[in-house]
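Written out below as structure tokens is the structure these notes cover.
All ligand and atom numbering here is 1-based and tracks the order in the structure. Atoms considered below: every heavy atom in the structure, side chains included; atoms not considered: hydrogens, waters and symmetry mates.
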Amino acid sequence: MTGLVKVIGSGAMTNTINGILDGDVMLVIGSNTTETHPIIALRMLAAAKNGSKLIVADPRKIGLCDHAAEWMQQRPGTDGALINALCHVIIRDGLEDKKYIEEHAENFEAFKSSIAGCSPEWAEKITTVPANVIEKVAHTFAKGKASGIYYTLGITQHTSGTDNVLTLANLAIITGNLGKDGGGLNPLRGQNNVQGASDMGCLPQFFPGYQSVSDEKAKAKFAKIWNAPMTDKPGLMATEMNDAMSDGRVAGLWIMGENPVLSDPNAAHAIKALKKLDCLVVQDIFLNETAEIADVVLPAASFAEKDGTFTNTERTVRRVRKAVPPPGEARDDLSIINMVSDRILGKQHNGYHGAIDSVFHTVPPFASEVFDELSTCWGALAGMNYERFENEVLAWPCPDKDHPGTPILHKDGVPRGKAWLSEITWSGSEETPCADYPFILTTGRVLYQYHTGTMTRRSEVLEGAAPSAYVEMNQADADALDVKDKEIIVASSRRGKIEIAVHVTDRVKKGLVFIPFHYKEASVNLLTNDALDPHCKIPEAKVCAIKIEKLKHV
Ligand SMILES: Nc1nc2c(c(=O)[nH]1)N[C@H]1C(S)=C(S)[C@@H](COP(=O)(O)OP(=O)(O)OC[C@H]3O[C@@H](n4cnc5c(=O)[nH]c(N)nc54)[C@H](O)[C@@H]3O)O[C@H]1N2
Ligand SMILES: Nc1nc2c(c(=O)[nH]1)N[C@H]1C(S)=C(S)[C@@H](COP(=O)(O)OP(=O)(O)OC[C@H]3O[C@@H](n4cnc5c(=O)[nH]c(N)nc54)[C@H](O)[C@@H]3O)O[C@H]1N2
Ligand SMILES: [Mo]
């Protein structure tokens with residue numbers, strides 16, 4: 001993780017969405033952008049139309065492939081080898097940006113020797129991408145005036161997720177694409193405000209603004225601001241909590257806006273762990289599958305029923321305004337937290353309704369006050385406030401009231417001084433196909449559904465467009481299994497089994513199947529592997545081994 005922070009800071013896009021139009025090469029790797037970030041995909045398609053070369057690296061024939069100059073169809077879980085080979089060719093053929101490396105990078109010689117063996121022929125054996133395609137892509141990327149990298153879960157949801165990101169950082173650095181319009185290293189973040197949540201400190205090792213809990217200075221600073229002693233021990237990552245619940249280290253859990261019963265890999269293990277808790281509190285806008293097994297359910301208000309800010313993938317902070325009051329006894333998340341913490345501190349609200357503002361349904365401190373406090377804790381937000389949001393769109397860092405914000409990061413070099421070139425040895429997925437479980441299963445999303453479907457499956461239009469679960473399978477595999485399109489089959493892994501309809505398609509190659517995780521009636525997370533990346537603890541949702549059998553009618 002430190003390596004990652006060294007290079008890319010918070011994990012936001014280094015560049016901007018509109019900046020996609022300024023580049024002349026786009027490498028989109030592990031991102032089904034037209035379905036999962038359709039607005040960003042519009043920029044990519046516009047750029048491609050204007051002559052920017054689109055390179056797609058994805059094991060599935062995704063929508064972008066139709067517009068791509070090159071498509072590398074790697075075997076899932078082999079990106080580390082593929083990217084190391086791209087870097088190998090670039091250096092072998094003398095295409096690296098020597099001036100940038102000299103001025104802005106370090107550890108070049110060690111990095112260069114670490115990839116000496118990563119020839120395109122070596123990578124072809126691992127990835128199945130032809131060596132000549134790897135060479136062509138390496139040349140196109142390195143010769144671009146501005147080559148941008150765009151990646152998401154196909155890169156990160158692996159036990160080698162952190163390593164994969166570091167190899168992409170290496171590629172951006174050796175080609176001098178950090179801090180350049182149209183270039184950069186751009187993770188497209190998932191949820192509308194996942195960037196904001198990370199910025200606020202919803203990470204177990206950080207105070208707000210990525211200030212480490214183990215940093216004495218930060219600890220003293222927050223102890224003073226919050227007038228309370230601070231710990232220097234990082235908490236558990238969400239993905240580490242299931243084991244902690246199972247072995248009794250965690251006895252109570254308060255979940256706000258997540259549905260782990262369906263979204264956690266190896267869901268049966270997650271459900272067992274949740275059921276073992278002494279107390280499970282779920283705060284959600286709907287009674288989701290996790291709320292169904294909770295001891296207490298706190299009804300929350302949706303985005304349209306509350307005030308606050310959302311920070312998007314390019315670090316711009318925007319106001320969210322309450323359009324309608326929350327229904328019934330639902331309250332905005334901040335007010336619920338305030339009410340509970342007031343009770344803990346002994347402040348009374350004269351019963352549930354008494355002190356709640358009857359018009360605004362809120363309990364102080366209000367969202368704007370929380371933001372003001374935050375801007376005193378973290379220099380990157382120091383120049384932002386609700387007044388400025390009325391007229392300006394600001395990207396952090398925005399250190400003072402006159403600062404216009406920073407759309408592109410690292411223009412004058414990276415925060416640590418020089419960008420570190422990491423020596424990464426490719427390691428495969430934790431579970432690979434075998435005689436008993438011969439298929440690689442990869443999982444993900446479709447355009448019309450959002451995660452566990454709590455919201456989208458309540459919309460007739462969206463549900464009508466994508467109403468049921470399916471497994472994408474190649475014709476050759478369907479023939480070998482003697483199954484037909486739309487036939488229900490049994491898919492099972494070492495962890496569980498589901499029944500699901502076959503969708504025969506050339507989107508996947510022989511040996512690979514894809515199942516979206518939106519559907520509770522065929523919850524694919526009963527099959528997936530909860531093995532974690534050792535650094536950032538992301539689970540390996542993109543690769544596990546399964547078998548597929550015909551459904552036997554009895
Ligand atoms: N419609 C819709 N949009 C969404 C969401 C949603 O649920 N629905 N969720 C949002 C959230 S929170 C997130 S995080 C993003 C996720 O956005 P994406 O990461 O784009 O979504 P996924 O479908 O999970 O996976 C992306 C791609 O990874 C590919 N892939 C699988 N294995 C590998 C591999 O080993 N290597 C590579 N290079 N690629 C691989 C898959 O074929 C797929 O095309 O989407 C956001 N947008
Ligand atoms: N197999 C597989 N599993 C995956 C993934 C994958 O690609 N494959 N992707 C992973 C990723 S990247 C993600 S982000 C997760 C998503 O997993 P989750 O976050 O668990 O899934 P959601 O369905 O988005 O659940 C969000 C919950 O928040 C509620 N909600 C919405 N708005 C509000 C609000 O304002 N306040 C409150 N309190 N609640 C609200 C919704 O009703 C819903 O119940 O899934 C992960 N799991
Ligand atoms: Mo996500």
Side-chain angles (χ1 to χ4, degrees), residues 28-38 41 56-65 72-80 82-83 127 150-158 160 164 187-194 238-239 255-267 282-291 298-306 308 313 320 326 330 332-333 336 429 440-458 462 466 472 507-508 512 514-518 523-529 538-544:
V28 180
I29 184 160
S31 159
N32 185 6
T33 326
T34 53
E35 298 201 57
T36 55
H37 292 92
V56 174
D58 201 293
R60 294 164 62 228
K61 193 180 189 183
I62 53 171
L64 284 180
C65 293
M72 300 190 284
Q73 189 177 19
Q74 74 276 52
R75 201 160 58 83
T78 64
D79 295 79
L82 182 66
I83 305 156
T127 63
Y150 304 89
Y151 70 91
T152 45
L153 301 180
I155 283 295
T156 55
Q157 280 183 335
H158 296 277
S160 57
N164 290 345
L188 310 177
R189 303 223 52 178
Q191 292 135 322
N192 52 347
N193 191 37
V194 63
T239 47
I255 299 179
M256 302 179 202
E258 272 199 38
N259 192 9
V261 162
L262 293 181
S263 62
D264 268 10
N266 194 1
V282 168
Q283 178 171 326
D284 206 281
I285 62 172
F286 291 115
L287 195 75
N288 66 17
E289 288 69 21
T290 310
L298 299 169
S302 77
F303 72 96
E305 299 156 351
K306 62 190 169 197
T313 186
V320 177
D332 66 281
D333 292 289
I336 298 175
S429 309
I440 295 181
L441 165 68
T442 194
T443 64
R445 296 155 171 77
V446 303
L447 176 65
Y448 296 102
Q449 296 287 0
Y450 193 74
H451 299 158
T452 67
T454 57
M455 296 176 281
T456 46
R457 298 200 78 187
R458 284 181 165 81
L462 299 175
E472 283 181 357
R507 283 186 111 193
V508 288
L512 174 65
F514 167 82
I515 303 178
F517 77 106
H518 307 298
S523 171
V524 74
N525 276 326
L526 292 170
L527 311 186
T528 47
N529 190 356
I538 194 169
E540 190 144 71
K542 288 291 178 267
V543 176
C544 74

Distance-minimising heavy-atom pair for Val261 and Ala267: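 Taking Val261 first and Ala267 second, the nearest heavy atoms are O-CB, 3.5 Å.
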
Which of the atoms of ligand 1 are close to [X], meaning less than 4.0 Å from one of its heavy atoms?
X      : answer
Arg60  : 41 (C), 42 (O), 43 (C), 44 (O)
Ser31  : 20 (O)
Leu447 : 1 (N)
His158 : 34 (C), 35 (O)
Pro76  : 34 (C), 35 (O)
Asp79  : 34 (C), 35 (O), 36 (N), 37 (C), 38 (N)
Ala57  : 38 (N)
Gly77  : 34 (C), 35 (O)

[X] side, atom [atom1]; [Y] side, atom [atom2] - distance, nearest 0.5 Å:
X      : Y      : atom1 : atom2 : result
Thr313 : Asn192 : OG1   : CG    : 11.5 Å
Leu527 : Asn529 : CG    : CG    : 11.0 Å
Asp333 : Asp284 : CG    : CG    : 9.0 Å
Gln73  : Asp58  : CD    : CG    : 8.5 Å
Ile515 : Leu441 : CD1   : CG    : 5.0 Å
Thr290 : Leu262 : OG1   : CG    : 6.5 Å

Strictly under 4.0 Å, does any heavy atom of Val446 approach an atom of ligand 1?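 Val446: in contact with ligand 1 (<4.0 Å).
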
Using non-hydrogen atoms of the residue, decide whether Gln74 is closer than 4.0 angstrom to ligand 1.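 The answer is yes, since Gln74 has a heavy atom less than 4.0 Å from ligand 1.
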
Is it true that atom OH of Tyr450 has more than 12 heavy atoms of other residues, nucleotides or ligands lying nearer than 6.0 Å?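 Counting neighbours around OH of Tyr450, more than 12 heavy atoms of other residues, nucleotides or ligands fall under 6.0 Å, so yes.
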
Between Thr528 and Pro539, is there a side-chain heavy-atom distance shorter than 4.5 Å?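 No. Closest side-chain heavy atoms not under 4.5 Å.
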
Quick one, Arg60 and Thr442 - any side-chain contact, counting heavy atoms below 4.5 Å?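 Touching, per the 4.5 Å side-chain cut-off.
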
I want to know if ligand 1 touches Glu35 in the polar sense, i.e. an N/O pair below 3.5 angstrom.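 Yes - when backbone and side-chain N and O of Glu35 are compared with those of ligand 1, one distance drops under 3.5 Å.
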
Counting both backbone and side chain atoms, is some N or O of Tyr448 under 3.5 Å from an N or O of ligand 1?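 No, since none of the N or O atoms of Tyr448 sits under 3.5 Å from an N or O of ligand 1.
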
What does the list of residues with a heavy atom under 4.0 Å from ligand 2 look like, ordered by chain and number?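 Lining ligand 2: Leu153, Gln157, Gln191, Gly257, Glu258, Asn259, Ser263, Gln283, Asp284, Ile285, Phe286, Asn288, Ala300, Ala301, Lys306, Asp333, Thr443, Arg445, Tyr450, His451, Thr452, Thr454, Met455, Phe517, Asn525, Thr528, Ala541, Lys542.
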
Do Ser31 and Thr33 have side-chain atoms, one donor and one acceptor, less than 3.5 Å apart?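 A pair is found: one side chain offers a donor N or O, the other an acceptor, under 3.5 Å apart.
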
What residues form a side-chain contact (heavy atoms from CB on, under 4.5 Å) with Glu35, not counting sequence neighbours?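 Testing Glu35 for side-chain contact (heavy atoms from CB on, under 4.5 Å), a comparison that skips the adjacent residues, returns Asn32, Val446, Leu447, Arg507.
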
